[in-house]
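Worksheet for the structure shown next.
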Amino acid sequence: MKEKEKQHRGPAHAVKSNVYMMRLVWEADHGRVIISFLSTFIGYGFWVFDTVVFMRYLFGAEDLNRSFAEVAVFLALTVVAWMLSQFFSSWMMEWYHPLSDQKLIEKMNLRLFRKAANVELQCYEDEEYYSQYTKAASEAVKRCTGAVDESARFCASVLASTAVAVNLFTIQPLIGLAALVPMAVNVITGLVQGQAEYDRRMDYVPFERRQDYVNRTVYLQKYAKDMRLTDIFGVMTRTYDQAMEGHIGVTKRYWKRLAGFTVLRDSFVYPIFFEGIWLLGAYMAMVSHTMTVSDFVVVANSAVSSTGMLINLTGSLVTIFSNALYADNLHAFLDYQEKIPEDQPGLPAPAEVETLELHGVSFRYRPDAKEVLHQITLTLHAGEVVSLVGHNGSGKSTLVKLIMRLYDPTEGTILLNGVDIRRYNLREYRALIGSTFQDFQIFSMSVADNVLMGNEVEGDPQQAARRALEESGVYPVIEALPHGMDTTLTREFDDQGAMLSGGEEQKVAIARAFAKKSRILILDEPSSALDPVAEYHMYRNFLHLCRKGEKKISVFISHRLSSAAVADRVFLLQEGRVAEEGTHTELMKRKGAYADLFRKQAENYLVEVRGE
């Protein structure tokens, strides 16, 4: 980070960041903030009471003639007050805080979940945003409640230390003034040390990101096979070691600076000034006789107690600066302004779909990135099946993501029934689309839930799920499971969960498109894990689904050109452009790029059949 950016993130920034986190806790649970401050102030209040009131009552020179009964009553009341404070502390720690933590975990995580579900897909492909989200989600409650607790401790430390200094001033003004010196030095060193600690944490970030990535990857199931069949684990280990070396380098760069503050405070400020106060008090009590011995006892005890208060004050300052770094991630994540918010209002989606038009659509993932799609213009009509074909990287999947409005075009417009899709209510527009992706995911829930995915369906949900599974060709497998469609898939939470093959999982994913009441069907590489026979049946069922009942716009993407032969129209994409368009027969007659690709794939099939 640039030096001027670090300077900008000083004490004012730390205060602002911690206030932001406290506000989040306040919005989730007012009581947590109030109870935390009240508890901390009570604790420090008793600390001041023991240091000032208790000692002056027992040893103050003017009150040495009290009766034993008065002292006994005072001590009894002190014990009762102490017991009540301990009861309150126990209630807070053992009952209130655990319940409050659960409430905060629920409310703050739901807030994070809603935000994560509302941002556009592109955010998940941005490393910085993803890092902010994972850090925000992993420590939200801990850091926010920490901001409340440390802020309360800092405020209480300042007030308690001030009260002790004032007490010393009333006993002997010179000693009171002397006590203010270590307080001022402590606050200054705490601020400087907190800034240094913050700078160190900022310099740790790039190395921690690499370490976090390795930590996540090593434990994820989808990487397990590659980890065992290759030496990628060695590469990951080197990456982790390099990040650790960088981490150590930052530590070495800052340790002298940070250690210097600690030495200054613990080995110079406290001994010099506080022993100086004791020495001054002893001189006044024993030599000049300007202070009584009882007052000297109070002064000595106050000096010791204020030392502990000041140490806590410094610790709170350092933690407050450290929390500010986390608050930056949380603030950036929660306050991010979505470009395509999932809850975007707009026109109601049409009940029937007639046309879907793309006019001059171009797209690039980042302003400085290469253009993925260039000036795409085409019209899709209800009742027809369209095939998008082309080599990997030609822009097929990106094109359908634009149709789904997972992204917006960099240039051009997409119209549904003549209306720009950006004008529709986003959820209602997306509800028109039934889709299956080539990188589909199976969730650790029942088969039926994996098919229905929470979407509304016509008629009985269980029957709709069964029909969809039958149409995708996987129902016989599901029916044979211990609990049929109620069987949990994967063993993430259920040791008795079913583990399907890749092809069977893909058929479950395809069933999602069949189950949903949709007007636009999009299948992205739906047969990548299917054998030729299963692929044939899947396309047969898909065409039947597309052409029965209400007319739908149906789009499927495949690099297997044999599937394009059953489509009404074929679009061949090359380098982000529509290279050819027409029926399979028309394109074969043209003997262009499509015909050449088809023949090459057909030859490969023949080679496989002949065993050559």
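This structure is a prediction, so every number in the text was calculated from the model and none was measured.
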message = Walk me through whether Arg430 and Arg427 qualify under side-chain contact (heavy atoms from CB on, under 4.5 Å).
response = CA-CA 5 Å; Arg430 294 246 183 92; Arg427 294 192 188 279; 5.8 Å; no
To the nearest 0.5 angstrom, please state how far the [atom1] atom of [X] sits from the [atom2] atom of [Y].
X      : Y      : atom1 : atom2 : value
Leu388 : Phe556 : CG    : CZ    : 9.0 Å
Thr239 : Gln242 : OG1   : CD    : 5.5 Å
His359 : Ile376 : NE2   : CD1   : 13.0 Å
Lys103 : Glu106 : NZ    : CD    : 9.5 Å
Thr488 : Phe443 : OG1   : CZ    : 14.5 Å
Leu406 : Leu426 : CG    : CG    : 8.5 Å

ask   = How about Arg423: does its CZ atom have over 12 heavy atoms from other parts shown lying under 6.0 Å from it?
value = no
message = Within the supplied structure, the quantity of interest is the number of heavy atoms (other residues, nucleotides, ligands) at a distance under 6.0 Å from Glu575 CD; does it exceed 12?
response = no
Just wondering, do [Y] and [X] contact through their side chains at under 4.5 Å, heavy atoms?
X      : Y      : value
Ile403 : Leu356 : yes
His97  : Arg32  : yes
Leu378 : Val386 : no
Arg238 : Val235 : yes
Asp29  : Lys107 : no
Ser394 : Gln574 : no
Pro409 : Phe363 : no
Leu597 : Val389 : no

remark   = side chain to side chain donor-acceptor pair (under 3.5 Å) filter on Arg422, not counting sequence neighbours, yields Asp420
note = Sorted by chain and residue number, the side chain to side chain donor-acceptor pair (under 3.5 Å) partners of Asp486 (sequence neighbours excluded) come out as none
Below 30° counts as parallel, above 60° as perpendicular, anything between as tilted: where do the rings of [X] and [Y] land?
X      : Y      : value
His584 : Tyr594 : perpendicular
Trp26  : His30  : parallel
His247 : Tyr204 : parallel

request  = Report the C-alpha distance between Glu586 and Glu581 in whole Å, list the side-chain angles of each, state the deciding distance to 0.1 Å, and finish with yes or no for side-chain contact (heavy atoms from CB on, under 4.5 Å).
outcome  = CA-CA 9 Å; Glu586 291 171 347; Glu581 173 189 353; over 6 Å; no
Which atom pair, heavy atoms only, marks the closest approach of [X] to [Y]?
X      : Y      : value
Pro350 : Tyr424 : CD-CE2, 3.6 Å
Ala595 : Met588 : CA-SD, 3.7 Å
Val353 : Ala382 : O-CB, 3.1 Å
Pro348 : Glu428 : CA-OE1, 3.2 Å
Ala511 : Ala468 : O-CB, 3.2 Å
Leu481 : Ala498 : CD2-CB, 3.8 Å

request  = For the pair Phe571 and Leu380, evaluate side-chain contact (heavy atoms from CB on, under 4.5 Å) and give the outcome as yes or no after the intermediate values.
outcome  = CA-CA 11 Å; Phe571 291 91; Leu380 309 179; 4.1 Å; yes
task = Would you please test Glu27 and Arg23 for side-chain contact (heavy atoms from CB on, under 4.5 Å) and show each step?
result = CA-CA 6 Å; Glu27 292 172 356; Arg23 180 164 58 83; 3.2 Å; yes
Among Asp449, Val451, Leu452, Leu469, the one residue meeting side-chain contact (heavy atoms from CB on, under 4.5 Å) with Met485 = Leu469
Positive for side-chain contact (heavy atoms from CB on, under 4.5 Å) with Leu500, one of Val447, Thr487, Val474, Ile478 = Ile478
Can any side-chain N or O of [X] pair as donor or acceptor with the backbone N or O of [Y] at less than 3.5 Å?
X      : Y      : result
Arg519 : Ile553 : no
Thr410 : Arg364 : yes
Asn417 : Glu352 : yes
Asp568 : Val385 : yes
Lys396 : His391 : yes
Asp596 : Gly592 : no
Tyr429 : Leu416 : no
Glu580 : Ala593 : yes
Arg512 : Gly434 : no

Quick one: do the [X] and [Y] side chains pair a donor with an acceptor below 3.5 Å?
X      : Y      : value
His381 : Glu384 : no
Thr355 : Thr379 : no
Thr398 : Tyr407 : no

